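What follows is a set of notes on a single structure, which appears directly below.
Excluded from the calculations below are hydrogen atoms, water molecules and symmetry mates; all remaining heavy atoms, backbone and side chain alike, are included. This one's a predicted model, so the numbers in the text were calculated from it and none came from an experiment. Chain letters run A, B, ... following the sequence lines, proteins first and then strands; every chain starts at 1.
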Amino acid sequence: MYVYDEHDRQIARERVAQFRDQTERALAGELSEEEFLPLRLQNGLYVQRLAPMLRICVPYGMLRSEQLRRLARITRDYDKGYAHVTTRTNIQLNWPNLEDVPDILAELAEVEMHANQTSGNCIRNTTTDPFSGAHLDEIADPRPYCEIIRQWSTFHPEFAFLPRKFKIAVNASEHTDRAAIRVHDIGLQMVRNSAGELGFRVHVGGGLGRTPMVGPVIREFLPELDLLTYLESIVRVYNRYGRRDNKFKARIKILVKALSPEGFAEKVEAEWQQVKDSPTRLTPDVVSHFQQYFTEPDYQVLENATDTLASLRFDNRQFDQWLTHNVASHKKPGYAIVTLTLKKTGTPPGDVTDYQLEQIADLADEFSFGEARATHEQNIVLADVRQDQLFELWQRLVPLGFATANLNTLTDIICCPGGDFCALANAKSIPVAQAIQDRFDDLDYLYDLGPIDLNISGCMNACGHHHVGNIGVLGVDKRGEEFYQVSLGGSSHHDASIGKILGPSFAQEEMPEVISRLINVYVDHRTEEETFLDTYRRVGLAPFKEKVYA
Amino acid sequence: MPEVIAADGALFENRWVVVERPAEGESLTIPEGQAALIPADLWLAGYDQFAGREDIGVWFDSHDEPELLAGKAQELPLIAVNFPRFVDGRGYSIGRLLRERFGYRGELRAIGDVLLDQLQFMKRCGFDAFVLRADKDITKAARCLNFFSQTYQAATDTDQPLFRRRAS
Ligand code: SF4
């Protein structure tokens, strides 16, 4: 994992001092609300419906145990003792005091954390695959590149006031996409060209929100060393030509659409020709410098524990289910990747208490080289667990509520904070998630249904990624009342697509029944091999519509 | 007239007036005996008349394209860039392009909605003179220009990103 050097530490300290100064001036009335707004947003501080909210950055999801412990302490000392894992793999506090924020940031800086650019019209936290470095299907470890992007984008003087927020994601898997790169402002897919050289396929202009779009490719192969100069060219074109007259038309996707992907690519290419040989170009030494922070942990030479696990599975059905669903294979024999689900029925998706954070820290220390990862699906991953310790780990996870074996099933819901916490919400989202989880509490049935992404957002801002849910739920406001619009057929993976709206929206209490009916249509129509999404793609919207509105 | 802040935070006297773009159908009126900044495209349109004059500079609005002056930027005694609202970040790109691409080395001045907390960004993008919005405390400028002693990326102030400085 990346470790700060003296330069990073100095920048972090200076940032805290700067925000302290800005907060003092704001409290003294020297900065208007409007003037302070982007400053606090770029330090992660929102003012929400009930209280300020602080969004702490977790760069590309990586956390060390000491950082988890510090987060636990902060939630206890400055907040109500719990935090929320967001769909950008950040961690949010819901109730800090404005005056305390500089102190919180100082505490974070001590453990090499910050809240820089977690909000505001700037380049946000770069996200990637939570299994990075640990799974087999990887072209290269994407994290060194994520860190390179993090440093380049941190306090970039030209790009602090973009037309709108800007999100970059990197995926390095050939066959899966756990980073949803096609719905990002820039999505980078690591690839090798025919000569075996490493590079990126560049998608631009994907995104959710009001105008959901799957990002088109503007460059099939960008050599790895050209990463930053090319990114700088894209963002410069966007900064200069993106719309600033209408907030809803300000994302880069609108510009890409207006110019056409080819037209946009041409502009970027022209800009890039001017800067591609500047000192911002990476060198092999620079890349190795960053790679040295992401070397393999001290893996032991082990055999796969297949037999031991098989007999444990045989004796214990719940362990068996958990192993099947929440544990993924690892590139090293004898190791496994474990996902801790923060989706226990009755708990808002993604919420963790201070105690749980400390437990995760302990588990990371004992089972996974002291590291954990936050995922955009709002879960936590321990990426390097010995197979012969899986049973012990599972026994520890069960009482913590982290072993719900529902990963990737219907009840592994992605859900934004919604109307319970968020000032922008049209409707609550957490109670809807809970009602659905209550209705579908039979794991065997869930397994039988197979993988289904159900995503819920409380408003058009789409923090819950509803457009790319196989089933998407969006909170809407109908004459002052909370309603829910349902869409089908979205996907955030390699086959990314935007869901289609089913029809008129529903009241909150109707939602579990609506989901049931949708599921029944799938069960009636599916062939043996088909997932929910496959069936939907084959039969289309009509049969679902018919049953739900019957 | 308000004083101007230099890149090191020192203050100096302002001797330039900004001449607004004339309304449709009106012509440009340049005040007598006064150094004046006029819209960049109008300077170009009146090139025969304005070229070489030490008392005529130009200003860009945030939607203007600095490419307009390509090849001629260096002839100007002063270029100003207007930030109509401080959240409009286009001026940063204009600054960098004028400096890094079009080789402008004279005074580059930020005007308009110029506040304290953006000064260091502007400085990094090539601005070396700032006319702070009148209600802001000019004595705090020096501090705000220097919040950071380290920067990650290259810009106009340094072409060496931290990753290259680290290596050396
Ligand atoms: S989707 Fe809307 S309601 Fe949900 S967190 Fe985002 S802004 Fe708030």
Response to the item:
Ranking Gln274(A), Gln22(A), Gln10(A) by heavy-atom pairs under 4.5 Å to chain B gives rank one to Gln274(A)
Worksheet item: Is there side-chain contact between Leu39(A) and Gln118(B), with at least one heavy-atom pair below 4.5 Å?
Response: yes
Response to the item:
dist Asp117(B):CG -> Phe19(A):CZ (nearest 0.5 Å) comes out at 10.0 Å
Discussion item. Please classify the contact of Arg96(B) with chain A as side chain, backbone, both or neither, using a heavy-atom distance under 4.5 Å.
Written reply: side chain
Practice prompt. Could you look at Gln120(B) and say if it's the side chain, the backbone, both or neither that has a heavy atom under 4.5 Å from chain A?
Written response: neither
Response to the item:
Looking only at heavy atoms, the pair that brings Ala17(A) and Arg143(B) closest together is O-NH2, 4.5 Å
Worksheet item: chain A heavy atoms under 4.5 Å from Asp88(B): which part of the residue, side chain, backbone, both or neither?
Response: both
Worksheet, complete the sentence: Interatomic distance, CG@Leu162(A) vs OH@Tyr92(B), rounded to 0.5 Å, equals 11.0 Å
Fill in: Under 3.5 Å side-chain donor-acceptor pair for His156(A) and Gln153(B)
no
Worksheet, complete the sentence: Closest non-hydrogen atoms of Leu97(B) and Arg240(A), given as atom of the first, atom of the second and distance, are CD1-NH1, 3.3 Å
Item to complete: Give the member of Asn121(A), Asp5(A), Leu282(A), Leu228(A) that has the highest number of heavy-atom pairs under 4.5 Å with chain B.
Response: Asp5(A)
Worksheet item: Of the options Glu30(A), Glu35(A), Arg25(A), which is the one that meets Leu116(B) in a side chain to side chain contact (heavy atoms under 4.5 Å, CB included)?
Response: Arg25(A)
Discussion item. Need one label for Glu6(A): side chain, backbone, both or neither, based on atoms under 4.5 Å from any heavy atom in chain B.
Written reply: neither
Discussion item. When you compare the side chain of Thr151(B) with that of Phe155(A), does any pair of heavy atoms fall below 4.5 Å?
Written reply: no
Item to complete: Under the salt bridge (charged side-chain N to carboxylate O under 4.0 Å, His left out) rule, what do Asp21(A) and Lys140(B) come out as? Steps first, then yes or no, please.
Response: CA-CA 11 Å; Asp21(A) 182 84; Lys140(B) 297 204 165 141; over 6 Å; no
Discussion item. Would you say that Val87(B) contacts Leu37(A) through its side chain, given a criterion of any heavy-atom pair below 4.5 Å between the two side chains?
Written reply: no
Worksheet item: Roughly how far apart are Thr280(A) OG1 and Asp159(B) CG, rounded to 0.5 Å?
Response: 8.0 Å
Fill in: Residue Glu13(B) excluded, over 12 heavy atoms near CD under 6.0 Å
no
Worksheet item: Rounded to the nearest 0.5 Å, how far apart are CZ of Phe147(B) and CZ of Arg15(A)?
Response: 10.5 Å
Discussion item. Given heavy-atom pairs under 4.5 angstrom as the criterion, report whether the side chain, backbone, both or neither of Ile94(B) touches chain A.
Written reply: neither
Fill in: Close approach to chain B in residues 241-252 of chain A, criterion heavy atom under 4.5 Å
Tyr241(A), Arg244(A)
Discussion item. What's the separation between atom CZ in Arg166(B) and atom NE2 in His289(A), rounded to the nearest 0.5 Å?
Written reply: 4.5 Å
Practice prompt. Step by step, work out the salt bridge (charged side-chain N to carboxylate O under 4.0 Å, His left out) result for Glu34(A) and Arg85(B).
Written response: CA-CA 11 Å; Glu34(A) 187 204 354; Arg85(B) 291 158 58 241; 5.6 Å; no
Discussion item. Between Gln150(B) and Asp8(A), is there a side-chain heavy-atom distance shorter than 4.5 Å?
Written reply: no
Worksheet item: Between Pro161(B), Ser149(B), Ala155(B), which has the largest tally of heavy atom pairs under 4.5 Å with chain A?
Response: Ser149(B)
Item to complete: Compare every heavy atom of Tyr152(B) with every heavy atom of Arg150(A), then report the nearest pair and how far apart it is.
Response: NH2-OH, 3.7 Å
Practice prompt. Could you pull out the closest heavy-atom pair between Pro157(A) and Phe121(B), with the gap in Å?
Written response: CA-CD2, 3.4 Å
Response to the item:
Answer key: most heavy-atom pairs under 4.5 Å with chain A among Cys125(B), Gly91(B), Gly95(B), Ser62(B) is Cys125(B)
Worksheet item: Measuring from Phe86(B):CZ to Phe161(A):CZ, what's the distance to the nearest 0.5 Å?
Response: 6.0 Å
Worksheet entry | Under 4.5 Å from any heavy atom of chain B - which part of Asn239(A) | both
